[in-house]
S.K.: 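The structure is given below, and queries will be raised subsequently.
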Amino acid sequence: MLYWALVCLVIAIIAGVLGFGGIAGTAAGFAKILFFIFLVLLVVSVLVNVLKGKGPKV
């Protein structure tokens, strides 16, 4: 999912450079949403692993 967020970000940057403001804004918004979904899933995954005792051994 992080891959798709980065792809949308690159599309937004390219569209912004070429002057397609609407497309750039849409792609940037989509990338932002995907990035935050990725962060939430990462935090949930870490919490589940720590609670199950499979967390990193320090």
S.K.: Can you check whether Leu41's main-chain N or O pairs, donor with acceptor, with Ser45's side chain at less than 3.5 Å?
M.R.: no
S.K.: Within the structure provided, determine whether Ile37 and Ile33 are in side-chain contact (heavy-atom separation under 4.5 Å).
M.R.: yes
S.K.: Check whether Val40 and Leu47 end up in the same hydrophobic cluster, where Ile, Leu, Val, Met, Phe, Trp and Tyr are linked by side-chain heavy atoms less than 4.5 Å apart.
M.R.: no
S.K.: Show the numbers, then the answer: is there a side chain to side chain contact (heavy atoms under 4.5 Å, CB included) between Val7 and Ile11?
M.R.: CA-CA 6 Å; Val7 167; Ile11 290 172; 3.9 Å; yes
S.K.: Who passes side-chain contact (heavy atoms from CB on, under 4.5 Å) against Ala28, sequence neighbours left out?
M.R.: Ala12
S.K.: Identify whether Leu51 and Val43 are in the same connected component of the hydrophobic contact network (ILVMFWY, side-chain heavy atoms under 4.5 Å).
M.R.: no
S.K.: For the CG atom of Leu9 and the CD1 atom of Ile13, what is their distance to the nearest 0.5 Å?
M.R.: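 It comes to 4.0 Å.
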S.K.: Do Tyr3 and Phe30 sit in the same hydrophobic cluster, where Ile, Leu, Val, Met, Phe, Trp and Tyr count as joined when their side-chain heavy atoms come under 4.5 Å apart?
M.R.: yes
S.K.: What distance do Phe36 atom CZ and Leu39 atom CG have between them, rounded to the nearest 0.5 Å?
M.R.: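 So the gap between those two atoms works out to 7.0 Å.
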